[in-house]
Undergrad: 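For reference, the structure I am asking about is given below.
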Amino acid sequence: MTMTENAPTNMRHAVVKGMFWSIAQAGGAQIISMAVLLVLTHLLKPSEFGLVAWANVGIMLCVALIDFGFAEAIVQRYTLAERYLDTAFWTALAMGLTLMTVLMCTADSIAQLLSHNSPPEIVSKLAHVIRAMSLLLLFGGLNSVPIAMLRRHLHFKFLAVRTLVGGVVGGVVGVTVAIMGYGVWALVAQQLSGVFTSLILLWTNCEFRPTFKFDKQCLRDLIGFGMPISGARLLTTINERTDDMLIGYFLGPVALGYYSVAYRLNYMLIQRLVGTVSNVAMPAVARVQHEPHRVRSAYYQATRLTCLFSFPCFIGMSLLAPLIVPVVFGSQWMPSIPVMQVLSLIGIVHSMLYFNSAMIVGTGHPRWRFYLMLITSTGNVTGFFIAVHYGIFWVAASYVSVAYLVMPLSFFVTNKCLHLKLADYLKHLSGPIFGTLTMALAISFAMRVHITGVPDGARLAVLIVLGAVVYVAVIFTAFRPLVLELHGMWRTLRNRRVVAS
């Protein structure tokens, strides 16, 4: 049986609703993640954060390989036979089980390789953490196809609820274990319980149920489309984890802990502010991939709206890091300040270019994405190897520098897919750019004003409010079309019903 799906007669409403629930998910998840991180940084040591970041190097490399990019293939295909879903599911599950078994059996060797200069107790603890976290690979194999189907149909409401519930459960479990004094196992328990809860919710509410069908031709088709995506995902993971591996290897778990907390805060913002709209963009683009003008319009809109919210957050975090770290995380995390300041600048690049991958894949060019990631990964790994000998700040600076150097190439490749005009592209971003620059000047000036007797917490709150007021005032007064666009999207969401595909 073949399920043929036509583009929704009201794609705009479906996308707006998807963005609404993705933003709801992002906002709620952001609050939960920040609250849990805040509590755990006061209960745990930097070295314990470093151990989990260390273990995550191997785990995330394996996660990138689980489904061979089949999820993106499921989202992108215009028509989809059920045998494709069964083939993708059983392949992903087999990969998850295999990789989990391999990690469990080789955890001691991996720990010794990653931490050759560390005391034996650190090596042993790292091996145990790797074994426990390898369960995430099994969960990933079970999650892949159901999540892809929900994304394909733009069912982001359930995905939002699932993510929020998993975050709450993981946070409660993690904090409880930390209070009981189990140290690093609080971070492990947080991840495992959150993902497991999300898995249970997914399978009790999704309609997909696999049958024992496996089609070799379907597998070949899926691999043909998905392997470049899987390769790009692997390169992305190498991009994001090589710095952790090298810092842990050369500088130890304490330095890695300082680096990982700053990186984790920045990564959460990127995923919540930027990844939110991208999750909607890819399936939406796939529905209209044969209409270039609509794809181009979607790209401009997604980038503009993301930058509208993300630019002030990243620049504000960079400027206010000297206050954010001691007030929010405590004085023991002061070495994270310069790392947070420089890593925040990469959020600007991700905001501008994050949708490039969705557009490249959505328009049927996954290999181009792979080549782009290969160039980026080569630059990052080379820079990390050089910078790690000078400290964690220079590792962060290397990461940001490569991102800015590769930016023109990413735009060039996306232009090949969408036939963009640089002038139009910059015009769409003029509001966020001008508003953020004005906000940055206001905050920088205010930070120079020192009033004795004012606690850092109160000062931070005043500066955040000042920045928000200045930014909103600029957007409302100088860029009314942006405000009208947001208002129109809200009215579309409220007043029109989704027409089922």
Undergrad: Under 3.5 Å, is there a donor-acceptor pair linking the side chains of S344 and S318?
TA: no
Undergrad: May I have the step-by-step check of side chain to side chain contact (heavy atoms under 4.5 Å, CB included) for L164 and V168, ending in yes or no?
TA: CA-CA 6 Å; L164 294 177; V168 170; 5.6 Å; no
Undergrad: Between atom CG of L201 and atom OG1 of T197, what is the distance when rounded to the nearest 0.5 Å?
TA: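 So the CG of L201 and the OG1 of T197 are separated by 7.0 Å.
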Undergrad: Side-chain contact test, heavy atoms from C-beta onward, threshold under 4.5 Å: evaluate it for Q190 versus V173 and give yes or no.
TA: no
Undergrad: Is atom CH2 of W333 surrounded by more than 12 heavy atoms (other residues, nucleotides or ligands) closer than 6.0 Å?
TA: yes
Undergrad: Evaluate V402 against V406 for side chain to side chain contact (heavy atoms under 4.5 Å, CB included), listing each step before the verdict.
TA: CA-CA 6 Å; V402 171; V406 175; 4.1 Å; yes
Undergrad: Verify the ring-centre separation between F412 and W368: is it less than 6.0 angstrom?
TA: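 Centroid distance W368-F412: not below 6.0 Å, so no.
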Undergrad: Could you tell me if the side chain of M340 sits less than 4.5 Å from the side chain of N266, heavy atoms only?
TA: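 With C-beta onward as the side chain, the pair stays apart.
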Undergrad: I'd like to check the salt bridge (charged side-chain N to carboxylate O under 4.0 Å, His left out) partners of R264; sequence neighbours left out, ordered by chain and number.
TA: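 With neighbours one apart ignored, the set is empty.
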Undergrad: Would R459 and V327 count as a side chain to side chain contact (heavy atoms under 4.5 Å, CB included) if you check the C-alpha gap in whole Å, the side-chain angles of each, and the deciding distance to 0.1 Å?
TA: CA-CA 10 Å; R459 189 165 171 238; V327 170; over 6 Å; no
Undergrad: For D424, is there an ion pair with K427 - N to carboxylate O distance below 4.0 angstrom?
TA: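 Salt bridge between K427 and D424, a charged N being under 4.0 Å from a carboxylate O: no.
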Undergrad: Look at the side chain of T306 and the backbone N and O of T303, then say whether any donor-acceptor pair between them is shorter than 3.5 Å.
TA: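 No, because the side chain of T306 does not come within donor-acceptor range (under 3.5 Å) of the backbone of T303.
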Undergrad: Is there a donor-acceptor contact under 3.5 Å from the side chain of Y404 to the main chain of L345?
TA: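 Flag set: sc Y404 to bb L345 pair under 3.5 Å.
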Undergrad: Quick one: does T237's side chain get under 4.5 Å of V57's, heavy atoms only?
TA: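 With C-beta onward as the side chain, the pair stays apart.
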Undergrad: Do you see a donor-acceptor pair shorter than 3.5 Å between the side chains of Y399 and N380?
TA: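 The criterion, which ignores hydrogens and geometry beyond distance, is not satisfied for N380 and Y399.
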Undergrad: Could you tell me whether the side chain of S260 and the main chain of G257 form a donor-acceptor pair under 3.5 Å?
TA: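 Pair found, side chain donor or acceptor close to backbone of G257.
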Undergrad: Can you tell me how far the CZ atom of F311 sits from the CG atom of L429, to the nearest 0.5 Å?
TA: 5.5 Å
Undergrad: Any idea which heavy atoms bring A186 and L44 closest together, and the distance?
TA: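 Minimum heavy-atom contact is CB-CD1, 4.3 Å.
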Undergrad: Any idea which heavy atoms bring A458 and V454 closest together, and the distance?
TA: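 For A458 and V454, the tightest heavy-atom pair comes out as CB-CG1, 4.1 Å.
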Undergrad: Hey, are the side chains of F49 and L40 touching, using non-hydrogen atoms and a 4.5 Å cut-off?
TA: yes
Undergrad: Can you tell me how far the CD1 atom of I247 sits from the OH atom of Y263, to the nearest 0.5 Å?
TA: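 The OH atom of Y263 is 10.5 Å from CD1 of I247, to the nearest 0.5 Å.
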Undergrad: If you round to the nearest 0.5 Å, how far is CZ of R448 from OG of S444?
TA: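 So the gap between those two atoms works out to 7.0 Å.
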Undergrad: Identify the two heavy atoms, one from Y258 and one from Q332, that lie closest to each other, and give their separation to 0.1 Å.
TA: CE2-O, 3.1 Å
Undergrad: Quick one: closest heavy-atom pair of A321 and Q341, and the distance?
TA: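 It is CB-CG, 3.5 Å.
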Undergrad: Indicate, with yes or no, if the rings of F411 and Y425 have centres closer together than 6.0 Å.
TA: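 Ring centres of Y425 and F411 closer than 6.0 Å.
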Undergrad: Can you give me the closest heavy-atom contact between P432 and C307, atom names plus distance?
TA: CB-O, 3.6 Å
Undergrad: Considering only heavy atoms from C-beta outward, does the side chain of N56 approach that of D244 to under 4.5 Å?
TA: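 Side-chain contact under 4.5 Å: no.
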Undergrad: Could you check whether any side-chain heavy atom of V52 comes within less than 4.5 Å of a side-chain heavy atom of E48, counting everything from C-beta outward?
TA: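 No - every pair of side-chain heavy atoms lies 4.5 Å or more apart.
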Undergrad: Please walk me through it: do Y471 and L308 pass side chain to side chain contact (heavy atoms under 4.5 Å, CB included)?
TA: CA-CA 10 Å; Y471 184 75; L308 179 67; 3.5 Å; yes
Undergrad: Could you tell me which non-hydrogen atom of V474 sits nearest to which non-hydrogen atom of G435, and how far apart they are?
TA: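 For V474 and G435, the tightest heavy-atom pair comes out as CG1-CA, 3.7 Å.
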Undergrad: Where the side chain of T436 meets the backbone of I433, is there a donor-acceptor pair that is under 3.5 Å apart?
TA: no
Undergrad: Going from OG on S336 to OH on Y259, what distance comes out if it is rounded to the nearest 0.5 angstrom?
TA: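 Between atom OG of S336 and atom OH of Y259 there are 11.0 Å.
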Undergrad: Any side-chain heavy atom of L246 sitting closer than 4.5 Å to one from V395?
TA: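 No, every pair of side-chain atoms sits at 4.5 Å or beyond.
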Undergrad: Taking the side chain as C-beta and beyond, is there a heavy-atom pair between M317 and L265 under 4.5 Å?
TA: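 M317 reaches L265 side chain to side chain.
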Undergrad: Taking R162 for its side chain and S198 for its backbone only, find out whether a donor-acceptor pair lies under 3.5 Å.
TA: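 Yes; at least one donor-acceptor contact below 3.5 Å.
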Undergrad: With rounding to the nearest 0.5 Å, note down the distance linking CG in L323 to CG in L463.
TA: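 Going from CG on L323 over to CG on L463, the span is 6.5 Å.
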